[in-house]
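One structure is given below, encoded as structure tokens.
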There are 2 protein chains.
Amino acid sequence: MIDRDPVLSILDSPFARKLSAFVRLSHSDLAVMSDVYRRRRSFAVGVDMIHQGQTDQSAYVLASGWACSYKILPGGTRQIVDFQVPGDFLGLRSVLFRTSDHNVEPITPVQASEVKQRDLLAAFTATPRLATAVLWAASRDEAMVVEHLVDLGRRTASERMAHFLLELGARLRLVGMADRAGFACPLSQYLLADALGLSAVHVNRVLRELREDGLVTFQKGRVVFDDYEALVEFTAFDRAYLDHEGPLLI
Amino acid sequence: MIDRDPVLSILDSPFARKLSAFVRLSHSDLAVMSDVYRRRRSFAVGVDMIHQGQTDQSAYVLASGWACSYKILPGGTRQIVDFQVPGDFLGLRSVLFRTSDHNVEPITPVQASEVKQRDLLAAFTATPRLATAVLWAASRDEAMVVEHLVDLGRRTASERMAHFLLELGARLRLVGMADRAGFACPLSQYLLADALGLSAVHVNRVLRELREDGLVTFQKGRVVFDDYEALVEFTAFDRAYLDHEGPLLI
DNA sequence: GCGCCGGATTGATCCGCGTCAGGATCGGGG
DNA sequence: CCCCGATCCTGACGCGGATCAATCCGGCGC
């Protein structure tokens, strides 16, 4: 980096990249952000970062690595509600509210900045623009959950998979971790199965089908969009819910 | 009512009943609430109250009648995301954010109080306690959407149905429209199908099965819990997500 | 180099649920 | 009173996806 201003270096973070896509952040916004961003923690794969029912949680901003939030059912199966990628907020609700109603677990080794509740609220007061951006991101997450619900309720396995990969691509592009061609993806077929409400075996078959149809290829930890337009067409992917307008509040 | 204070009469409303279950509302809270509550509107069955992509919406508080929010898929099918019953907020997100990403449609004739964005924000500033209560309700709604997602992803048709009816019962009890025995329910089997990701035919079969197993009976617009405990057991219903702690913010 | 283990891959079989098709019932309007 | 539309109900059949069971592959510890 040529910048000598340490505050500006925060612009390299996925979090700042993502929020910048929505609001123009001032130098003082960035200063507050880099302050909040300072308390780094590492998490190993498979150890819950946030646990269901636990109180007085911190929230985190994912700096690197992937995580997933999920609920366990009696019977051992689980449903993954959402994946988190760098730049995503994580556990925001468990800070605003007292308890978390689901678990969050790292999929790869994770680096995340811990955000204490009081720091977050202080930052919100100091820089309303930052608060606006964070709320915008939160509302986008909620829209994704709704779309995921539609996936499970009314789309076939292949449509689900195609839709999921397109959405993931769009999210990663926002933080510079993907382009139209594809992206690196650490998700196993078991994880895909738990997210899409399928069995791992069927996930495999669906991926083969999409590959043989020349739409997407997901192999060796890499997703390649072989025919982006056809894929969008196939699953009736509508970007609208991802880049909706921002919040008016605050 | 023996009360002579007109403000206190708002306590009869489902909205106040619901929020009272969470916070103790002061007389001035009630005054603000009854003020916000004043602008009544009626809606006929089948005419969208909130339309996807529409901007500058109002929000509503349901006073009487039932509604549902849903998304349409190309192909004509739809997925119902949630039902709204009296006391529920409706379109809160489309006020906080600029556009709505789904439709809301009355299922029965509906009476609702229109809440303008500026009135809502003003009320929030005037009575933080009211804001707290509203945010609590919103977070509860979100938890229900997540639980609904788990339904579609990982529960069988009968478990889904059982879970859905139990949840609905719990919600209605909060506003005095149900007891442990059951409740009046205007939902057709087509609506249930669109919500649970099933075909109407299969909804019918599942209802018969639950009835013959002596768990619930849903006939002639009335849901009767024949064996509440067994039903809870059957679907592993966990009330925790419905009566979680309230928000800390504001 | 060998054994082990988690993930990917594939085939065979089974069953939950969708689809199609037809009745029955009921309330409302002409 | 009769017709019509909406809703409920039921049977026959087929398909999508689960389940069970192998096999294969690459990475890693020793």
Side-chain angles (χ1 to χ4, degrees), chain A residues 44-46 66 68 73 75-79 105-109 151-162 164 184-213 216-224 234-235, chain B residues 44-46 66 68 73 75-79 105-109 151-162 164 184-213 216-224 234-235:
Chain A
V45 176
W66 293 45
C68 69
L73 301 207
T77 67
R78 68 169 179 176
Q79 175 65 46
E105 161 188 312
I107 290 169
T108 68
D151 264 357
L152 296 178
R154 288 294 179 208
R155 281 192 253 256
T156 67
S158 334
E159 287 167 355
R160 253 180 256 185
M161 178 66 76
F164 172 77
C185 179
L187 303 178
S188 74
Q189 297 185 350
Y190 292 91
L191 287 168
L192 290 174
D194 282 342
L196 300 180
L198 300 170
S199 68
V201 174
H202 202 62
V203 163
N204 186 287
R205 286 195 259 260
V206 164
L207 285 176
R208 169 152 55 102
E209 183 195 323
L210 291 175
R211 190 185 333 128
E212 290 174 350
D213 289 351
V216 250
T217 303
F218 185 175
Q219 268 173 339
K220 297 177 185 298
R222 180 143 196 95
V223 173
V224 176
F234 171 67
T235 193
Chain B
V45 176
W66 294 45
C68 68
L73 301 207
T77 67
R78 69 170 176 174
Q79 176 65 47
E105 164 188 308
I107 290 170
T108 69
D151 265 355
L152 297 178
R154 288 293 178 208
R155 279 192 254 256
T156 67
S158 336
E159 288 168 354
R160 251 180 258 184
M161 178 65 77
F164 172 78
C185 180
L187 303 178
S188 73
Q189 297 185 348
Y190 293 92
L191 287 169
L192 291 174
D194 283 342
L196 301 180
L198 300 169
S199 69
V201 174
H202 203 63
V203 163
N204 187 288
R205 284 195 267 256
V206 164
L207 285 177
R208 171 153 54 101
E209 183 194 325
L210 291 175
R211 191 187 328 128
E212 291 174 349
D213 289 350
V216 252
T217 304
F218 184 175
Q219 268 173 339
K220 298 178 184 300
R222 180 144 195 97
V223 173
V224 176
F234 171 67
T235 193

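In the text below, chain A, chain B and the rest are named by the order of the sequence lines, each starting its count at 1.
- The nearest whole Å value for the distance from the CD atom in B:Gln219 to the P atom in D:dC8 is 10 Å.
- With rounding to the nearest 0.5 angstrom, the CG atom of A:Leu207 is 10.5 Å from the NE2 atom of A:His202.
- Between the C1' atom of D:dT7 and the CG atom of B:Leu192 lies a distance of 12 Å, rounded to the nearest Å.
- For the pair A:Arg154 (side chain) and B:Arg78 (backbone), a donor-acceptor distance under 3.5 Å is present.
- Toward the 5' end of DNA chain C, the nearer of the two residues A:Tyr190 and B:Ser158, judged by each one's closest nucleotide, is A:Tyr190.
- Near-neighbour residues of DNA chain C inside residues 194-203 of chain A, defined by a heavy atom below 4.0 Å, number-ordered: A:Val201.
- As a whole-Å value, the separation of B:Glu209 CD from C:dG16 C1' is 11 Å.
- Side chain of B:Ser158 to backbone of B:Val206: no donor-acceptor contact under 3.5 angstrom is found.
- With rounding to whole Å, B:Leu187 atom CG is found 15 Å from D:dC8 atom C1'.
- Side-chain contact between A:Leu191 and A:Trp66 is absent, with no heavy-atom pair separated by less than 4.5 Å.
- Panel note: side chain B:Gln79, backbone B:Ala195; a donor-acceptor pair is recorded below 3.5 Å.
- Per the geometry, CG belonging to B:Leu191 stands 12 Å off C1' belonging to D:dA6, to the nearest Å.
- For D:dT19, its base sits under 3.5 Å from the side chain of A:Arg205 at one donor and acceptor pair at least.
- A distance of 12.5 Å separates CZ in A:Arg205 from CE in A:Met161, rounded to the nearest 0.5 Å.
- One atom, CD1 of B:Ile107, and another, C1' of D:dA6, lie 16 Å apart when rounded to the nearest Å.
- Between B:Pro106 and B:Ala44, the closest heavy-atom pair is CG-O, 3.3 Å.
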Polar pairs (N or O, both sides) under 3.5 Å between protein and nucleotides 22-28 of chain D?
none

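- The distance between atom CG of B:Asn204 and atom P of C:dT25, rounded to the nearest whole Å, is 15 Å.
- Taking every side-chain heavy atom of B:Arg208 into account, D:dT10 is the closest of C:dA8, D:dT10, D:dT7.
- B:Leu198 contributes atom CG, which lies 9.5 Å from atom OG1 of B:Thr156 (distance to the nearest 0.5 angstrom).
- Judged purely by atom type and a 3.5 angstrom limit, A:Arg160 uses its side chain to pair as donor or acceptor with the backbone of A:Arg155.
- Regarding B:Gln189, its CD atom lies at a distance of 13 Å from the P atom of C:dG18, rounded to whole Å.
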